[in-house]
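To start, the structure under review is shown below, and the notes come after it.
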Number of protein chains: 2
Amino acid sequence: MIGPGSQPRPGAPCLACPLRLRPAFKDKSDEEVRFIQSMKLDHRWLPAGADIIHPGQEDAELYTLFSGWAFRYKSLPDGRRQILNILLPGDLAGLQAALLNAAQHGIEALTDVELCVFPRKRVWELFQHRPALSYEIAWLGSREECLIDENLTSVGQRNAGERIAALVISLYRRAEALGLVSENSFEFPLKQQQFADALGLSLVHTNKTWAKLRRAGLFSIANGRLTLLNPRLTERMALLFDEAPVHRPLI
Amino acid sequence: MIGPGSQPRPGAPCLACPLRLRPAFKDKSDEEVRFIQSMKLDHRWLPAGADIIHPGQEDAELYTLFSGWAFRYKSLPDGRRQILNILLPGDLAGLQAALLNAAQHGIEALTDVELCVFPRKRVWELFQHRPALSYEIAWLGSREECLIDENLTSVGQRNAGERIAALVISLYRRAEALGLVSENSFEFPLKQQQFADALGLSLVHTNKTWAKLRRAGLFSIANGRLTLLNPRLTERMALLFDEAPVHRPLI
DNA sequence: CGCTGAATTGATGTGCGTCAAAGTATGTGG
DNA sequence: CCACATACTTTGACGCACATCAATTCAGCG
């Protein structure tokens with residue numbers, strides 16, 4: 001739904017998309033970008049807390065997150081909620097919903113967000129005429145699955161401290177790849193309740209463990225920014241296996 | 001189901017693929033099937049417990065599971081392991097590995113399996129020339145993600161009894177869609193340790209809760225087959241939201 | 001018949017959830 | 001600028017679901 005203050009900018013120029021400047025988005029030809037531009041329906045603004053896609057929605061469009069953070073989640077009938085993964089600028093939103101014709105999950109804006117809107121009905125057309133983009137879409141889908149795999153492993157196998165460390169590291173790396181990190185710190189808009197829902201922990205226990213890790217000197221948080229004070233230790237605490245996949249689509 | 005005694009058939013005819021008879025696989029034209037046939041590299045047989053893809057592998061091919069069960073998993077450095085999702089006949093194996101050029105997970109045969117092997121290097125070619133198949137691949141990827149979402153929600157939010165019920169129901173429905181259910185029962189090859197690893201629970205606790213649910217009359221298990229005695233109650237216990245996505249690719 | 005791996009059961013401890021309340025922002029209106 | 005409300009964070013006390021340790025039973029199999 002279009003938020004109160006949203007101004008669609010009909011001609012928002014994809015060629016000048018700031019995301020293209022980021023290391024993670026280098027490799028698209030101007031011609032491809034022009035095609036994307038031609039498919040782009042709208043440029044939408046939503047306030048923090050708004051639903052980008054609500055659970056069960058059948059006509060959701062396909063979005064890319066232009067700026068801000070969002071998250072995918074699933075709720076149980078009794079209100080418990082699991083945050084499945086977190087979306088950063090440049091991520092696709094609604095691919096599952098577009099392909100499966102129904103959202104089994106919701107997507108909510110975590111901060112104020114800007115979205116580029118693409119018509120879900122033309123995805124099939126895109127697959128017919130734009131193999132490179134189709135491949136990239138499939139690639140982005142797989143990359144998202146990879147992140148969820150990681151979260152599932154965390155929630156299923158790691159204890160509270162390990163989970164927190166793993167999630168922090170993962171977000172740190174993704175933010176870094178987008179050029180959002182400076183001085184080892186980046187904006188961190190998650191409320192503790194959301195953080196807890198992402199970790200599969202209670203709010204209280206999340207808070208206590210979080211405090212413990214801060215006291216141990218792993219990281220600190222101040223006015224909405226998180227600073228990684230001891231990346232090595234944090235990585236070790238997270239029991240990481242290996243690298244997250246690099247942001248480089250197309251063989 | 002094709003049993004363990006089956007041998008690789010070099011010219012195994014996709015046109016006669018038994019999976020095509022299943023309700024879930026109706027809608028492919030003979031022409032498409034012939035193309036698939038032409039891409040098919042091999043028909044391979046692996047014993048239960050074998051690795052189809054090992055963690056970190058960079059040159060994994062793309063497979064379809066022709067018969068038998070398998071599972072994707074991730075292991076932590078200290079040996080803990082999370083089973084991410086379970087693969088049934090007709091499922092793709094190795095899509096992530098093919099697209100991301102490296103497997104962040106392993107895939108292991110749960111029973112003896114037969115695999116159709118497709119060259120990972122030609123996936124890009126497929127995207128260039130076969131939009132319908134590409135779309136279906138993306139669709140299958142999204143469907144798998146959907147299953148993982150479900151598991152993550154289970155592991156993060158449901159208690160032991162709910163998790164077990166949810167996993168049983170999910171497998172039951174998938175088996176049913178493949179025509180593998182008769183008399184409310186289907187083959188259930190998971191060992192309790194594997195079941196526990198899929199649920200993110202300890203083996204002991206899984207066993208005890210499992211026993212409780214059997215005593216409550218939800219289901220029973222005998223010589224490798226699981227029978228759903230009380231589907232309604234099981235669904236309610238699982239706290240399901242809604243249906244799993246239907247097996248019908250292409251808009 | 002004995003070997004081996006899996007399922008089952010009991011005893012005991014603890015990580016995490018739940019309940020409850022205090023502390024700290026941030027905002028709104030007088 | 002202060003009073004007050006609302007939302008979020010932090011801390012403590014207590015209980016339970018689940019983990020861990022340790023046996024015992026059971027099933028397949030040479």
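Basis for what follows: all heavy atoms, side chains included, without hydrogens, waters or symmetry-related copies. Per chain, numbering begins at 1; letters A, B, ... match sequence-line order.
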Mind calculating the distance between CG (B:Leu190) and C1' (C:dA6) to the nearest angstrom?
14 Å

For B:Trp210 and D:dA17, what is the distance between atoms CH2 and P respectively, to the nearest whole Å?
21 Å

When you get a sec, tell me which of C:dT8, C:dT9, D:dT10 is the closest nucleotide to the side chain of A:Gln192?
D:dT10

With heavy atoms under 4.0 Å as the rule, sort A:Leu203 into base, sugar-phosphate or nothing.
base

A:Ser202 side chain, from C-beta outward: closest of D:dT11, C:dG17, D:dC18
C:dG17

If only side-chain N and O atoms of A:Gln193 are considered, is one of them under 4.0 Å from the OP1 or OP2 phosphate oxygen of D:dC8?
no

Measure NZ/A:Lys212 against C1'/D:dT11 and give the value in whole Å, please.
13 Å

Phosphate oxygens OP1/OP2 of C:dT8: is one of them under 4.0 Å from a side-chain N or O of B:Asn207?
yes

Please say which of A:Arg72, A:Arg80, A:Lys74, A:Arg81 ends up in a salt bridge (Lys or Arg N to Asp or Glu O under 4.0 Å) with A:Asp197.
A:Arg81

Separation of atom CZ in B:Arg215 from atom C1' in C:dT9, rounded to whole Å:
10 Å

Under 4.0 Å from OP1 or OP2 of C:dT8: is there any side-chain N or O of B:Arg214 that close?
yes

Using a heavy-atom cut-off of under 4.0 Å over every strand shown, decide if A:Gly200 touches base, sugar-phosphate, or nothing.
sugar-phosphate

So, is A:Asn159 close to the C:dG15 phosphate, meaning a side-chain N or O under 4.0 Å from OP1 or OP2?
no

Whole-Å distance separating the CZ atom of A:Phe195 from the P atom of D:dA7:
23 Å

Euclidean distance, atom CZ of residue B:Arg80 to atom C1' of D:dC18 [Å, nearest integer]
15 Å

So, A:Ser142 versus B:Gln96: side-chain donor-acceptor pair below 3.5 Å or not?
no

Are A:Glu144 and A:Leu140 side-chain neighbours, meaning at least one heavy-atom pair lies under 4.5 Å?
no

Suppose we call two aromatic rings close when their centres sit under 6.0 Å apart. Are B:Phe66 and B:Trp45 close by that rule?
no

Nucleotide D:dC14, atom C1' - distance to NE2 of A:His205 in whole Å
15 Å

Which listed nucleotide (C:dC16, D:dA19, C:dT9) is nearest to the side chain of B:Leu201?
D:dA19

Relative to the ring of A:Phe186, is the ring of A:Trp69 parallel (under 30°), tilted (30 to 60°) or perpendicular (over 60°)?
parallel

Candidates D:dC8, D:dT11, C:dA7 - which lies nearest the side chain of B:Lys191:
C:dA7

Go through the N and O atoms of the side chain of A:Lys208 and the base of C:dG15, and report whether any donor-acceptor pair is under 3.5 Å.
no

